[in-house]
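Worksheet: the structure to be examined is printed underneath.
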Amino acid sequence: MATLVIVESPTKARTIRNFLPSGYQVEASMGHVRDLPQSASEIPEAVKGEKWAQLGVNVDADFEPLYVVPKDKKKIVKQLQDALKSANELILATDEDREGESISWHLLQLLKPKVPIKRMVFHEITKEAIRDALKNCRTIDEQVVRAQETRRILDRLVGYTLSPLLWKKISWGLSAGRVQSVAVRLLVTKERLRRAFHQGSYWDLEAILEQNKSPFESRLVTVAGTKVATGSDFDPNTGNIIQGRNVRLLNETEARDLVTRLTNKPWTVTKIDERPVTRKPSPPFTTSTLQQEANRKLRLSARDTMRTAQSLYEQGYITYMRTDSVHLSDQAIAAARSCVEQMYGSQYLSPKPRQYTTKAKGAQEAHEAIRPAGSSFRTPKDTRLEGRELQVYDLIWKRTVACQMADARQTQITVDLQVEDAGFRSTGKRIDFPGYLRAYVEGSDDPDAALEDQEVILPPLKVGDRPKCKDLEAIGHETQPPARYTEASLVKTLESEGIGRPSTYASIISTIVDRGYAQLTKNALIPTFTAFAVTTLLEKYFPDLVNTGFTAKMEQTLDEISTGEAQWLPYLRKFYLGEKGLDNQVKQRESQIDTAEARTIELENLEAKVRIGKFGAYIELNRDGEQLTASLPQDVTPAELNDSQVELLLKQKTEGPDKLGLHPETEEPIFILNGTYGPYVQLGEVTEENKKPKRASLPKGVNISDVTLEMAVGLLTLPRKLGIHPDTGGKVGAGLGRFGPYVVHDQGKEGKEYRSLKAEDNVLTIELERAVELLAQPKKARNSTRGSTKEALRALGNHPDDGEPVNIYDGPYGPYIKHGKTNAGIPEDQSVEEVTLAIALDLLAAKASTKKSGGRGKKSETTSSGKTSKTASTAKKTTTKKKTSK
DNA sequence: CAGTGAGCGAGCTTCCGCTTGACTT
């Protein structure tokens, strides 16, 4: 008989096994084991008829939740039950936070152990910490469990009452929630600012001066004692100087005149100011700050960062990657300090060990900060890591080490100069002692600020010096609209407002992109028109729920519930029931909200209206009593849509496609059109005998207005034949595909090899020699599904239904074809090389059909529910596809 | 691949947090 210990993660289970005496069995719960039913198929038959069944919470019976074991957790629960049979004691060692406490409670409810139980918590995975924890077990804190349950129910009530309202009033399949709707609103608010933004322009002067043969830069700051206007003097809403600012705005002529007037005049240093500055290293990483830095420095998405961190964690390189704490164990601090001494010397050590305290709202601190694992840190060089994993480990290692290093000492130098009535200023920075900057410089969301830590050298100067002017130039500037959110800055804002948790930052971004609320372009999150419609509705009718402060208030109440100062039931009742409760609010709004109005977005300075239709956003304009409509292409953003764009779209619709000209050889007309998948060119018209004329999409980044006849002719020749490969005799060609321009080497039976073109190549002009060069380069490793570092034996291309890749992999039972989650074996009589995409599709289809009918378990129930869920998921696929293609 | 923008109306879509799966003969 043994003691069964249950933790949340299998990696943790493996580690602590080594720290426990023999006779302890450690198993993982893999997170939550029970939850409210996620979809209709999970609702038990017995309650299906109830009016609260869809909610999964019996709101009329004191909000009694309906818990089910999700399908993917059944196996785990079974394993735990089995493990418990041979145990004489159960220790619940889930994380010490609200969710962890709840997991333990659910485990008790499910496993119903007849043996003694204990609750154990630890924050560090070291032998001492775990032995200590074992001696100090407690019982489950029911109040904390209640707080979690209240949170869970509230989120369900918000999400499952608001979402259906959006289906009715705006569009099918939309969603709303405590977290996602606030995130979407942040994006929309920023986009509105960009739309309201008016550009201002101003000029100033830049001089290159020289003292003792050392050049330095200087910028105009005053003319005749009045400050010269710069960007911050402009009102972004008007593009003019803010009322009441006593500044001098220079235009181009004035700036150039000033250059002429100041040329060859003597310069004098009038004032020098030196100011010492010390800077402290940033605290060690939490989930949120790691995601931000990896996005800024490595351009990784939040999701990719977490995937990489997870892998580092599983390999034992770093501590747990989902944490909101900046706390370091004594052991970690000692390890970091010894790294500093060894690598940089003791003068770089901070005089005292630094321990940071967490400032984030609502932090629960169940784990340490993210740091290299162990009691001595492996330097990045000493690991066998490579690629992305090495980069992320390097980031974590440096950040952790840096936080035990000395402050950086710098001197900020400001030099004022005078020439005639013009005042100039030069600024410099001297790094007196780099301290932690030797190891780590934090990235910034503002690219200009990233330069901040660099030294800016000024020659030694003193008051009265007369530097020579080598160059004087007038420079024009334009004010910039507020930057859109990036993944990094959105995560930063959400965290500082206490919205979302470390385990969810990455998925919040996926959710708002998947639901069609935002698109990620060049690292910027751009809200869609649907996001505008939804946000406008929620702001108008449910302002409290989309307020950034809502979560903070909820968290406060949850804290009170967990300490016993507040009661959960009155809180939920007040929130949901009664006249002012959410239920009633939604019912009232349902009759008040006009559907057509909710689907309409009115934008300032835009004559046309934007409407949300079944197939995405479109514009509508009433002209001469006639309703004109046209679809909005995907790349049109709410901030930039203007009357001339509307005009162009309508013109294309009413007057038919724009004719670019005639093909020089065939004399057929070439049209430029805007389709669902973006702009494209077409050779000839659609007629009875020519139903599918030759078409070609424009390459990314090319606008309709940029297309010349020559380019269109070129695009229509694609795919081009380049010639014969000198080594193999295979055919080499170039074309434009889903992932952009490519070259291809077709060796018949041997299959085709593809390579993407580099930025400097042009698909229309690329020649055989260059193509062969590209084909000789190794294939770029695509980051396939997590963990499976296994490389595909062959890539067959993409599935026509969903565009997902169809690959052949080697498995323990021989090679198999993989498409998404469907695997299909290859018949014995067929070799891997013989399989074409068409054959693969047949095999996959055959596999999918046997899967459907071959359900196991009870006959009638499984087949019927299996069928509905199948149709439901197909239906879902088509709509998401439509939504994303708009 | 390259349009559309209402409808008979069954039953369905949807939330936030924990955690890692991976059914080929």
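In what follows, chains are A, B, ... by sequence order, proteins preceding strands, each numbered from 1. Please read all numbers here as calculations on a predicted model, not as lab measurements.
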task = Establish, with yes or no, whether the OP1 or OP2 oxygen of B/dC23 is under 4.0 angstrom from a side-chain nitrogen or oxygen of A/Lys71.
result = no
Query - SB check A/Arg151 A/Glu555 (cutoff 4.0 Å) - result: no
Stacking between A/Phe615 and the base of B/dG3 (centre distance under 5.5 Å, interplanar angle under 30°)? no
Per atom distances to the A/Ser631 side chain, the nearest of B/dT20, B/dT13, B/dG5 is B/dG5
Please confirm whether the shortest side-chain N or O distance from A/Arg515 to OP1 or OP2 of B/dC15 is below 4.0 Å. yes
Among the nucleotides B/dG5, B/dC18, B/dC15, whichever has the atom closest to the side chain of A/Gln38 is B/dC15
### Message
So A/Thr511, base contact, sugar-phosphate only, or nothing? Heavy-atom distance under 4.0 Å.
### Response
sugar-phosphate
Of B/dC16, B/dT4, B/dC18, the nucleotide closest to the side chain of A/Arg152 is B/dC16
- Ring of A/Tyr160 versus six-membered ring of B/dT14: centres under 5.5 Å and planes under 30°? yes
When rounded to whole Å, the NE2 to P distance for the pair A/His32 and B/dG17 reads 10 Å
Exercise for review: Would you classify A/Arg156 as touching base, sugar-phosphate or nothing, given that sugar-phosphate means primed atoms plus P, OP1 and OP2, and contacts are heavy atoms under 4.0 Å?
Suggested key: base
Give a yes/no on whether any side-chain N or O of A/Ser175 is located under 4.0 angstrom from OP1 or OP2 of B/dC15.
yes
- Have a look at A/Gly177 and say if it touches a base, only the backbone sugar-phosphate, or nothing, with a 4.0 Å heavy-atom cut-off. sugar-phosphate
**OP:** Please determine if a side-chain N or O atom of A/Arg322 lies less than 4.0 Å away from the OP1 or OP2 oxygen of B/dT20.
**Re:** yes
Exercise. Would you call A/Arg611 and A/Glu620 a salt bridge, using N to O less than 4.0 angstrom?
Worked result: yes
Looking at A/Glu149 and A/Arg146, is there a salt bridge between them, counting it only when a charged N and a carboxylate O are closer than 4.0 Å? yes
Review point. For A/Gln180 and B/dC16, is the shortest distance between a side-chain N/O and OP1 or OP2 below 4.0 Å?
Key: yes
Inset, instruction - Return no unless some side-chain N or O of A/Ser503 is found under 4.0 Å from OP1 or OP2 of B/dG17. - result: no
Between A/Pro164 and A/Asp95, whichever has its closest DNA chain B nucleotide further toward 5' is A/Pro164
Whole-Å distance, A/Phe542 CZ to B/dC15 C1', equals 15 Å
Of the candidates B/dA2, B/dC18, B/dT19, the side chain of A/Arg695 sits closest to B/dA2
Output for pair (A/Ile170 CD1, A/Arg599 CZ), nearest 0.5 Å, gives 8.5 Å
* Asked: If you measure from the Lys or Arg side-chain nitrogens to the Asp or Glu carboxylate oxygens, is any gap between A/Lys12 and A/Asp95 under 4.0 Å?
  -> yes
note: A/Glu99, atom CD; B/dC18, atom P; distance rounded to Å ~ 4 Å
- State plainly whether the residues A/Arg152 and A/Asp35 are in salt-bridge range, i.e. N to O under 4.0 Å. yes
- Message: Any base atoms under 4.0 Å from A/Ala28, or only sugar-phosphate, or nothing? Heavy atoms, all strands.
- Response: nothing
Rounded to whole Å, the CG-C1' distance (A/Leu80 to B/dT19) equals 13 Å
Heavy-atom nearest nucleotide on DNA chain B taken for A/Arg599 and for A/Asp97; more 5' hit belongs to A/Arg599
Q.
Taking atom types as they are modelled, would you say the side chain of A/Ser507 forms a donor-acceptor pair with the base of B/dG17 within the 3.5 Å cutoff?
A. no
Query - Atom P, compared across B/dA22 and B/dC18: separation rounded to whole Å - result: 23 Å
When rounded to whole Å, the CD1 to C1' distance for the pair A/Ile612 and B/dT4 reads 15 Å
Next item on the list: Mind checking A/Gln54 for me? I need base, sugar-phosphate or nothing, with any heavy atom below 4.0 Å counting as a touch.
Entry: base
In whole angstroms, the gap separating P of B/dT20 from CD of A/Gln315 amounts to 14 Å
Just call it for A/Gly500: base, sugar-phosphate, or nothing, with non-hydrogen atoms closer than 4.0 Å on any strand. sugar-phosphate
Practice prompt. Indicate whether OP1 or OP2 belonging to B/dC16 is found under 4.0 Å from a side-chain N or O atom of A/Arg151.
Written response: no
Expected label for B/dG21 (glycosidic angle, syn inside 90° of 0, else anti) would be syn
Against the side chain of A/Ala40, the closest entry in B/dT20, B/dT13, B/dC18 is B/dT13
Ranking B/dG5, B/dT14, B/dG17 by distance to the side chain of A/Tyr618, first place goes to B/dG5
Give a yes/no answer on whether the side chain of A/Gln310 brings an N or O atom under 4.0 Å of OP1 or OP2 in B/dT20.
yes
A/Ile499 atom CD1 is separated from B/dC15 atom P, nearest whole Å, by 16 Å
Requested in this report: Would you please classify the geometry between the A/His106 ring and the A/Tyr67 ring as parallel, tilted or perpendicular, with 30° and 60° separating the classes?
Outcome: perpendicular
Distance-only side-chain donor-acceptor flag, A/Ser9 / A/Tyr313, under 3.5 Å: yes
Q: Name the nucleic acid region contacted by A/Val179, choosing base, sugar-phosphate or nothing; use a 4.0 angstrom heavy-atom cut-off, strictly under.
A: sugar-phosphate
When rounded to whole Å, the CG to C1' distance for the pair A/Leu92 and B/dC18 reads 15 Å
